[in-house]
Amino acid sequence: MTQAIKDKVIVITGASSGLGEATARLLSAQGAIVVLGARRVERLQALADELTGSGSKALAVTTDVTHCDQVKKLVDAAVQTYGRIDVIINNAGLMPQSPLDRLKVDEWNRTIDVNIKGVLYGIAAVLPYMQQQKAGHIINVSSVAGHKVGPSFAVYAATKHAIRALSEGLRQEVKPYNIRTTVISPGAVATELPDSVTDPDTAEKVRKAYEIAIPADSFARAVVYAMSQPQDVDVNEILFRPTRQEL
Ligand code: NDP
């Protein structure tokens, strides 16, 4: 068990599937206390029950990250139950790709609300606690699409570029408070993310692109790496892809 992870109180948004779920499992196996947020409460509760059943501490809190008050409740629940918050992983996200001329304005809005505002609400919820503690770690999830732009994923890429910009500003501001910041940018990882594509042509292209996707524990290990560094080492960016991914 890694000392840097054991007994740490870790809030994970989007923990009901994919990267969030895999990370909750790995961190929990290494002794962390995980506080899980997402909308699908049955899945969240089943995961929390499984983790507590194997002797870990875990809490499920129904959370829609597009509501600032719900994200605050999630973080407050962690602090009220376990006494502090050590890490937040702002992971909840959507990827409903489509060419701009399909005018899927509602999807653009939802993507911005979840992928950008949801992360900002996570930051807002933890900052007062972490500043007071003079300790903490904020991990934001960007993407290869936070580094590259291409047809059909302009809006998604814009949200993921925004996460890198926000995280760099945050990094500079929280230095006096001993808070670490990490952006993790995965390539294609096998999760439910492609299911959020509603445009049929794009869905087919995404399905093909994800044939080379790697398992979700690749992301979880990146989180463990960032967390496991000595306190005076701040891993600010991790970009990883399937070995076979070209983009
Ligand atoms: P999944 O679709 O498997 O998981 C997405 C998670 O986000 C789910 O737990 C979902 O939970 C949650 N979520 C979606 N909307 C909301 C909301 N409004 N409020 C709270 N939670 C929400 O995909 P991934 O695990 O792949 O995605 C996780 C992150 O990783 C995303 O930010 C994504 O952009 C990023 N990423 C993923 C890559 C990949 O290839 N898989 C590559 C690069 C980045 P629920 O529906 O229960 O609310």
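In listed order, ligands and their atoms are each counted from 1.
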Under a single-linkage definition using a 4.5 Å side-chain heavy-atom cutoff for Ile, Leu, Val, Met, Phe, Trp and Tyr, are [X] and [Y] assigned to the same hydrophobic cluster?
{"X": "Ile12", "Y": "Ile238", "answer": "yes"}
{"X": "Ile89", "Y": "Ile123", "answer": "no"}
{"X": "Ile10", "Y": "Leu44", "answer": "yes"}

Exercise for the section: Measure the shortest side-chain to side-chain distance between Leu47 and Arg25 over non-hydrogen atoms and say whether it is less than 4.5 angstrom. Expected result: yes
Handout entry: Minimum side-chain heavy-atom gap Ser17-Arg40 below 4.5 Å
Key = yes
Test your reading of the structure: does [X] have an N or O sitting under 3.5 Å from an N or O of ligand 1?
{"X": "Thr66", "result": "no"}
{"X": "Leu94", "result": "no"}
{"X": "Val189", "result": "yes"}
{"X": "Gly37", "result": "no"}
{"X": "Ser17", "result": "yes"}
{"X": "Asn115", "result": "no"}
{"X": "Leu19", "result": "yes"}

Give me the nearest non-hydrogen protein atom to [atom] as residue plus atom name, then the distance to 0.1 Å.
{"atom": "atom 16 (C) of ligand 1", "result": "Arg39 NE, 3.6 Å"}
{"atom": "atom 27 (O) of ligand 1", "result": "Leu193 CD1, 3.9 Å"}
{"atom": "atom 31 (C) of ligand 1", "result": "Asn91 O, 3.2 Å"}
{"atom": "atom 36 (N) of ligand 1", "result": "Tyr156 OH, 3.7 Å"}
{"atom": "atom 18 (N) of ligand 1", "result": "Asp64 OD1, 3.0 Å"}
{"atom": "atom 21 (N) of ligand 1", "result": "Ala92 CB, 3.5 Å"}
{"atom": "atom 12 (C) of ligand 1", "result": "Gly14 CA, 3.6 Å"}
{"atom": "atom 19 (N) of ligand 1", "result": "Val65 N, 2.8 Å"}

Fill in the blank from the handout: Taking every heavy atom of Gln131 against every heavy atom of Tyr177, the minimum-distance pair comes out as NE2-CE1, 3.3 Å
Exercise for the section: Provide the closest heavy-atom pair for Thr52 versus Asp49 in the form atom of the first, atom of the second, distance. Expected result: OG1-O, 3.1 Å
Could you check whether [X] pairs with [Y] (Lys NZ or Arg NE/NH1/NH2 to Asp/Glu carboxylate O, under 4.0 Å)?
{"X": "Glu246", "Y": "Arg241", "result": "no"}
{"X": "Asp217", "Y": "Arg221", "result": "yes"}
{"X": "Glu211", "Y": "Lys205", "result": "no"}
{"X": "Glu168", "Y": "Arg171", "result": "yes"}
{"X": "Asp7", "Y": "Lys57", "result": "no"}
{"X": "Arg102", "Y": "Asp199", "result": "yes"}
{"X": "Arg84", "Y": "Asp86", "result": "yes"}

Practice task
Determine, using heavy atoms of Ser196 and all atoms of ligand 1, whether some pair is separated by less than 4.0 Å.
Solution key: no
Problem - Any Thr13 heavy atom less than 4.0 Å from ligand 1 - result: no
If the cut-off is 4.0 Å to any non-hydrogen atom of [X], which atoms of ligand 1 fall inside it?
{"X": "Thr191", "result": "3 (O), 23 (O), 24 (P), 25 (O), 26 (O), 41 (N)"}
{"X": "Gly18", "result": "3 (O), 25 (O)"}
{"X": "Thr63", "result": "19 (N), 20 (C)"}
{"X": "Tyr210", "result": "39 (C), 40 (O)"}

Ligand 1 versus [X], non-hydrogen atoms closer than 4.0 Å: side chain, backbone, both, neither?
{"X": "Glu21", "result": "neither"}
{"X": "Val114", "result": "side chain"}
{"X": "Ser142", "result": "backbone"}
{"X": "Ala188", "result": "backbone"}
{"X": "Asp195", "result": "neither"}
{"X": "Phe219", "result": "neither"}

Fill in the blank from the handout: side chain to side chain contact (heavy atoms under 4.5 Å, CB included) with Leu26: of Ile5, Val224, Val223, only one passes, and it is Val224
Problem - Remaining members of hydrophobic cluster (4.5 Å side-chain criterion), Leu247 - result: Met95, Phe153, Tyr156, Leu193, Val197, Val206, Tyr210
Exercise for the section: Closest by any non-hydrogen atom to atom 42 (C) of ligand 1: pick that one out of Gly187, Ser16, Ser143. Expected result: Gly187
